[in-house]
Amino acid sequence: MVKPRRGPAAGDGVDVRALADELGASLVRAVREAAADDFGRVRSGRGATTISWYAFALEYLEVRWGQVSAKTRSETNDALCSLTMAMFRRTRGRPDDELLRRALRNWAFVIPRPDARTAPTEVRLALDWVARASRPLDDLLDPVVMRGVLQALRLKRDGTVAAAETQRRKRTTLVNSVRYAIELGRLRADPLAHVSWRITETVQQVDPRVIVNPAQARSLLCAVSYVGGYERARGRRLVGLFAGMYYAGLRPAEAVAVTLPDCDLPATGWGTAVLHATRPSVGKKWTDSGRNHDLRGLKSRPPSDTRVVPLPPELVRLWRQSVDTFGTADGGRLFFNEKGGIVGSSTYDRAWHEARELALPPDLVRLPSPSAPTSGQQRADGDLVPRASPGRADAREPALYRGKRPGQTGGM
């Protein structure tokens, strides 16, 4: 109980108003301290205390963060932003949606969580509003609320329907978080059990308009070598990268991680590459290293697993030519940017679209853009002729490259 400071009786001439002000200030301090201890928690109609969705989502993210890859962290962050914005009550002073999403994505749902004192004022105010406006977690047991959440997961920020894979990914985050809440006893039942909801089936058939034929592949790989200035070699550095995707069926994250010591590149005939690592481009915010590229094992395989990939003669020739021209980067990586770093997804995506403009007729350029060839199901016949180095004589090389040869460096 808060007691006012003892003093003379009111009848002795002491100002009663001053005593009341002092008592009021003490009560305000007590309320603020209690609110701070009870942050993120709300009261249910029966008077019991239950955690809010927002506070639970922060707790769930801390548990989940260390268990998943950097790419999954980013996807979980995106899903939690959508779920949280669907779990707001009607509360006065709501910030605009763009500010709310930016505050949640960049300041709330990241680990380690940034110091709120360094956040811009509008971000701090937005997160304060989120904490006040978030519904109780057990509101998910209301079918009307749950259906509204599921409906929100179907839509993109512009109000149009999201791709089926995006819907499925966000729903997976919802399912996992609900299971975690049930495990902790925060939810007494599965709120999804009695809500009928169906996600549009993902189209499994590949659009034939985005698959390059052998002649187009030759033209595109040749055009890549013409992207950017010759001395900068922005495109020439990527010819072998795209060729690996086309001829060997490598995923982009696998192709950027290929190293010379893991390759056998004979002067003639087929070669091999032993794949054991990937370098997906996900962003500094999501990786443990604080770098843009994560270091992972092969997709859908145990961490230390490997895969031996046969390399057609055309690909062997292109990779040998790349090593002769540019050398290798740290660790023997075959493909790297001008500074020796890992090739970013935006870099090869931009080069690919520029190459399309050079290699394809206008009517094909207007069709859906074929992504970098990664299926490996079609192989180009004949030689690929990327832009050659002017004045460079054909050097005689050993019959087989095994690892990094003396004198090879990571630059021009």
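These numbers come from the heavy atoms of this one structure, side chains and all, not from hydrogens, waters or symmetry mates.
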query = Would you say the side-chain atoms of R147 pair up with the backbone N or O of S196, donor to acceptor, closer than 3.5 Å?
reply = yes

Side-chain donor-acceptor contact under 3.5 Å, N106 with K285 = yes

ask   = Using a distance-only test with no angle check, is there a side-chain donor-acceptor pair under 3.5 angstrom linking S52 and R132?
value = no

task = For the pair W286 and W65, name the ring-plane relationship: parallel under 30°, tilted 30 to 60°, perpendicular over 60°.
result = tilted

query = Under the 3.5 angstrom rule, does the side chain of R124 hit a backbone N or O of A119 as a donor-acceptor pair?
reply = yes

T166 side chain vs A162 backbone, donor-acceptor pair below 3.5 Å = no

ask   = Could you go step by step and tell me if Y180 and V63 meet the side-chain contact (heavy atoms from CB on, under 4.5 Å) rule?
value = CA-CA 10 Å; Y180 180 65; V63 174; 3.2 Å; yes

Check: E59 and L184 side chains under 4.5 Å, non-hydrogen atoms = yes

task = Find the distance between CZ (R169) and OG (S82) and round it off to the nearest 0.5 Å.
result = 9.5 Å

query = Is the number of heavy atoms from other residues, nucleotides or ligands under 6.0 Å of R301 CZ greater than 12?
reply = yes

inquiry  = We want to know whether S346 and D349 form a side-chain donor-acceptor pair, criterion being a heavy-atom distance below 3.5 angstrom.
reply    = no

message = Are the side chains of R333 and V258 in contact, using a 4.5 Å heavy-atom criterion?
response = no

task = Find the distance between CZ (R237) and OG1 (T325) and round it off to the nearest 0.5 Å.
result = 10.0 Å

ask   = So, do D97 and L100 sit near enough that their side-chain heavy atoms are less than 4.5 Å apart?
value = yes

task = Examine distances only and state if a side-chain atom of N77 and a backbone atom of R105 form a donor-acceptor pair shorter than 3.5 Å.
result = yes

message = So L140 and M87, do their side chains get closer than 4.5 Å, heavy atoms only?
response = yes

query = Quick one: does NZ or CZ of R135 land under 6.0 Å from the six-membered ring centre of F88, within 45 degrees of the ring axis?
reply = no

ask   = With no hydrogens and no angle check, is any side-chain donor or acceptor of R320 less than 3.5 Å from a backbone partner on L265?
value = yes

inquiry  = I want to check something: taking the side chain as every heavy atom from C-beta on, are L153 and L174 in contact at a cut-off of under 4.5 Å?
reply    = yes

request  = On the 0 to 90° scale, with breaks at 30° and 60°, tag the W53-F56 ring pair as parallel, tilted or perpendicular.
outcome  = tilted

task = Check the pair L83 / V149 against side-chain contact (heavy atoms from CB on, under 4.5 Å), numbers first and verdict last.
result = CA-CA 7 Å; L83 289 166; V149 169; 3.5 Å; yes

request  = Please state whether the rings of W352 and F242 are parallel, tilted or perpendicular, taking 30° and 60° as the class boundaries.
outcome  = tilted

Donor-acceptor pair, side chain of T118 and main chain of P114, under 3.5 angstrom = no

query = For the side chain to side chain donor-acceptor pair (under 3.5 Å) test, which of K299, H276, R307 pairs with E254?
reply = R307

query = Is a side-chain donor or acceptor of W129 paired with a backbone partner of R92 at a separation under 3.5 angstrom?
reply = yes

query = In Å and rounded to the nearest 0.5 Å, what is the CG to CG distance from L221 to L318?
reply = 7.0 Å

request  = Considering non-hydrogen atoms only, spot the tightest contact between T84 and F109 and give its length.
outcome  = OG1-CZ, 3.3 Å

Distance-only donor-acceptor check, side chains T72 and R64, under 3.5 Å = no

request  = May I ask you to decide if Y54's main-chain N or O and S134's side chain share a donor-acceptor pair within less than 3.5 Å?
outcome  = yes

query = Can you find a pair of side-chain heavy atoms, one from M85 and one from V130, that are under 4.5 Å apart?
reply = no

task = State the CG-CD distance between L150 and Q167, to the nearest 0.5 angstrom.
result = 10.0 Å

inquiry  = Heavy-atom count check: over 12 atoms from other residues, nucleotides or ligands less than 6.0 Å from R291 CZ?
reply    = no

request  = Answer yes or no: is there a side-chain heavy-atom contact under 4.5 Å between R296 and K71?
outcome  = no

query = Any sub-3.5 Å donor-acceptor pair from S225's side-chain atoms to C222's backbone N or O?
reply = yes

Verdict with supporting geometry, L127 and W107, side-chain contact (heavy atoms from CB on, under 4.5 Å) = CA-CA 9 Å; L127 293 180; W107 294 88; 4.1 Å; yes

task = Taking the side chain as every heavy atom from C-beta outward, state whether F336 and V256 have any atom pair closer than 4.5 Å.
result = no

Atom pair CG (N176) and CD (Q67), whose distance is rounded to the nearest 0.5 Å = 9.5 Å

message = Quick check against the 3.5 Å criterion: does R236 have a side-chain atom that pairs as donor or acceptor with the backbone of Y230?
response = yes

